Number of protein chains: 2
Amino acid sequence: MAVTLKDVAREAGVDLSTVSRSLSGSYGVHEETRKRVLEVAERLHYRPNRIARGLVTGRSHTLGLIVSDVRNPFFAEVARGAEDAACAHGCDLVLCNSDLDQAKQMRYIVSLAEKRVDGILMNSVSALGKAQQQALAGFGMPIVLLNRASGAHSFSTVCADNYLGGQLAGRYLKAKGHIRIAHLTGPRGHGNLSDRARGFLNAVPDAVVLHGRHTFQGGCELAGKLLERHPEVTAVFAANDVMAFGVMRAAAERGLRVPQDLSVVGFDNIEFSGIAHPPLTTVHQPKYEIGAAAVEILLRLAEKQNGSAPERRIFGVELIERDSVQDCRTR
Amino acid sequence: MAVTLKDVAREAGVDLSTVSRSLSGSYGVHEETRKRVLEVAERLHYRPNRIARGLVTGRSHTLGLIVSDVRNPFFAEVARGAEDAACAHGCDLVLCNSDLDQAKQMRYIVSLAEKRVDGILMNSVSALGKAQQQALAGFGMPIVLLNRASGAHSFSTVCADNYLGGQLAGRYLKAKGHIRIAHLTGPRGHGNLSDRARGFLNAVPDAVVLHGRHTFQGGCELAGKLLERHPEVTAVFAANDVMAFGVMRAAAERGLRVPQDLSVVGFDNIEFSGIAHPPLTTVHQPKYEIGAAAVEILLRLAEKQNGSAPERRIFGVELIERDSVQDCRTR
DNA sequence: GCCATTGTCGCAACCGCTTCCTATTCTGCG
DNA sequence: CGCAGAATAGGAAGCGGTTGCGACAATGGC
């Protein structure tokens with residue numbers, strides 16, 4: 001149905017290998033011949049079949065991206081960065097949503113492996129067990145992990161400096177004169193979030209820390225609990241922006257104004273943080289750049305097949321000052 | 001490097017065609033043989049090469065999704081719906097961001113065509129010219145358009161009932177007793193948005209209509225202009241939620257409270273609309289379902305190769321009442 | 001003018017898999 | 001016991017490309 005190399009060869013009166021060489025621009029074909037072939041190919045609307053090419057070259061020019069859910073603005077941004085970088089290198093990105101489900105994630109990995117993607121980019125769900133690691137390594141496929149700095153595994157990783165981010169938030173709140181400060185975070189054992197918590201506690205050792213779900217609802221609930229048990233608290237550091245919005249909602253429901261009655265700092269700096277009311281002071285992490293960098297590393301890994309040393313990249317973070325924090329000193 | 005059919009065949013002492021049959025479970029191989037083959041395949045960790053398979057079967061089990069930007073929560077949701085549906089049918093989804101750029105979109109289409117994807121799902125940038133349509137059709141690839149109900153083209157489409165949505169918003173605002181109402185929308189000629197505008201104007205014929213960018217900034221600017229020129233307006237229908245947030249911002253900057261001083265209705269019902277302060281009253285469109293339905297149609301189209309009649313599906317919409325609209329009658 | 005070199009191009013193998021066709025064995029029946 | 005027909009397995013052709021190798025002609029140095 002589609003026009004193939006053979007068709008072009010027949011039409012141009014040359015061997016199909018000559019057509020292949022002409023198209024790929026490789027050495028060993030007369031300029032005149034090449035021109036003629038190119039012309040014919042153009043006229044016939046020839047489109048190389050990249051599947052077939054991949055079969056022989058062994059490279060699919062396709063990358064896999066597994067995130068928990070692309071509807072999460074954080075991952076959407078990472079995905080965009082990854083896609084742009086992949087596109088710039090002539091690669092496609094196949095999108096997978098794992099929903100933080102081990103089994104589903106594994107199914108995706110197998111599927112991607114069967115498609116012989118050049119590499120996989122993923123935010124691994126929970127810490128990988130030894131067996132999991134082995135299984136992954138067994139596929140002999142380059143893998144870059146998003147947001148997993150620590151751990152003894154031997155994969156390349158890209159993430160933001162979560163520890164520093166937590167520290168920044170803590171220092172900022174103290175600098176603004178807050179004394180009683182709380183930290184609302186996700187479940188214990190969540191890698192990134194606990195890094196943030198550790199950094200924060202380094203700056204604010206006597207902070208109140210509450211664990212819960214790292215969602216809007218979770219932020220609401222935790223804030224409710226907090227305001228009830230610790231009414232003396234004047235500032236809250238939420239483990240991510242969505243939780244921070246939950247805190248703001250909970251505050252509003254109790255008639256507390258942000259920032260006058262309660263200061264809030266988030267983490268991520270998703271787009272809505274600037275749009276929210278009041279605009280949220282938060283720790284920015286370069287999501288787009290993280291996605292892009294991960295692809296760069298992945299492609300580098302795919303290039304040199306030998307199991308080169310894993311590359312680890314940690315991006316800096318930055319506190320974005322907006323209007324959700326009250327300066328207590330000027331009051 | 002990877003273990004192939006041949007390896008399994010050698011190890012099991014049978015021909016490779018037998019292995020193929022055993023694995024595919026097709027008729028014509030002794031149960032005992034099949035068992036042995038399966039065992040060997042398992043032991044060798046055999047993974048079929050789906051690229052090679054696709055080469056001969058002609059189906060890649062891959063779909064392309066071209067959106068303007070996955071960071072847009074609307075498209076993220078559509079993408080998620082599409083991915084889930086694709087996954088359920090054993091297909092992969094490759095993600096492309098066109099940035100509303102004709103040329104970029106075309107490059108993606110060509111690239112996807114070269115990969116022999118089974119079909120493409122896209123929110124076409126602007127109305128397609130005759131030439132564009134022809135070019136697309138020329139690829140002989142199933143295509144489903146997102147959010148393009150009208151138009152004389154011959155593609156299948158999936159979208160929400162934008163006209164009805166606009167009408168709903170208009171009626172609601174009138175029912176709440178508003179007399180002077182404005183509509184802030186995107187650039188003229190934007191298909192969906194103008195459908196919404198038409199529906200709205202059907203319900204509120206004397207509305208003030210302002211065109212601008214359909215972004216947060218655009219919402220801000222347009223609202224600024226509106227409040228200056230038409231201070232008598234008490235309610236605004238924004239063409240999408242993000243614009244509505246812009247309106248809310250502009251109102252806040254001028255000391256106007258929402259909804260007491262200005263009522264706002266959005267469109268889309270993105271996640272943040274429920275989280276915003278105040279929660280935004282908006283027209284819900286089933287984004288996830290749109291993505292999923294588009295994939296279903298695409299797969300159906302890919303199944304029966306004959307150029308079957310294009311399928312068009314329009315989803316219902318629903319007004320979600322939250323707290324951004326004031327009831328003028330009870331005042 | 002001859003041979004070695006270089007430039008062009010065709011031939012054929014191969015990538016890993018599916019599938020049609022054919023050869024062989026097994027089965028059941030008269 | 002012989003034979004038709006079904007069951008089973010192997011052979012081989014392709015899917016659409018890439019690439020090493022050899023054939024052949026043109027070129028250049030002596």
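Keep in mind that what you see is a predicted model, and the values were worked out from it rather than measured. Both backbone and side-chain heavy atoms feed into the values below; hydrogens, waters and symmetry mates do not. A, B, ... follow the sequence lines: proteins, then strands. Residue 1 opens every chain.
Here B/R21 lies in heavy-atom contact (under 4.0 Å) with a base. A/S17 comes within 4.0 angstrom of a nucleotide base, judged by non-hydrogen atoms across all strands. Within 4.0 Å (heavy atoms only), B/S24 reaches no atom of the nucleic acid at all. Residue A/R47 is in sugar-phosphate contact alone, with no base atom involved, counting any heavy-atom pair closer than 4.0 Å across all strands shown. B/T33 comes within 4.0 angstrom of the backbone, heavy atoms only, and of no base. Here B/T4 lies in heavy-atom contact (under 4.0 Å) with sugar-phosphate atoms only.
Dashed line: the shortest gap from a side-chain N or O of B/S20 to OP1 or OP2 of C/dC17 is not under 4.0 Å. Within the 4.0 Å cut-off from OP1 or OP2 of D/dT8, not a single side-chain nitrogen or oxygen of B/T18 is found.
For A/D15 and D/dC21, the CG to P distance is 17 Å, given to the nearest whole Å. Atom CD1 in B/I51 sits about 13 Å away from atom P in C/dT18, given to the nearest Å. Protein atom CD of A/E31 is 21 Å distant from nucleotide atom P of C/dT6, rounded to whole Å. Rounded to an integer number of Å, the gap from A/Y46 OH to D/dG17 P is 3 Å. We find that CZ of B/R53 is positioned 13 Å from C1' of C/dT19, with the value rounded to whole Å. Going from atom CG of A/L16 over to atom C1' of D/dG14 covers 13 Å, rounded to whole Å. Rounding to whole angstrom units, NE2 of residue B/H30 and C1' of C/dT27 are separated by 13 Å. Regarding A/E114, its CD atom lies at a distance of 20 Å from the P atom of C/dC15, rounded to whole Å.
Of the charged side-chain nitrogens involved, at least one lies within less than 4.0 Å of a carboxylate oxygen, so that A/E311 and A/R300 count as a salt-bridged pair. Salt bridge annotation for B/K287-B/D268: absent, with no cationic side-chain nitrogen under 4.0 angstrom from a carboxylate oxygen. Taking a cutoff of 4.0 Å between a charged side-chain nitrogen and a carboxylate oxygen, B/E114 and A/R53 do not qualify as a salt bridge.
Remark: the B/D84 side chain and the B/Y288 side chain contain an N/O donor-acceptor pair separated by less than 3.5 Å. Residues B/K115 and A/S60 have side chains that never bring a donor and an acceptor to within less than 3.5 angstrom of each other.
Minimum atom distance to the side chain of A/L55 is reached by D/dG16, of the listed D/dG16, D/dT8, C/dC17.
Two residues, B/G13 and B/A52, neighbour DNA chain D, and the one matched to the more 5' nucleotide by heavy-atom proximity is B/G13.
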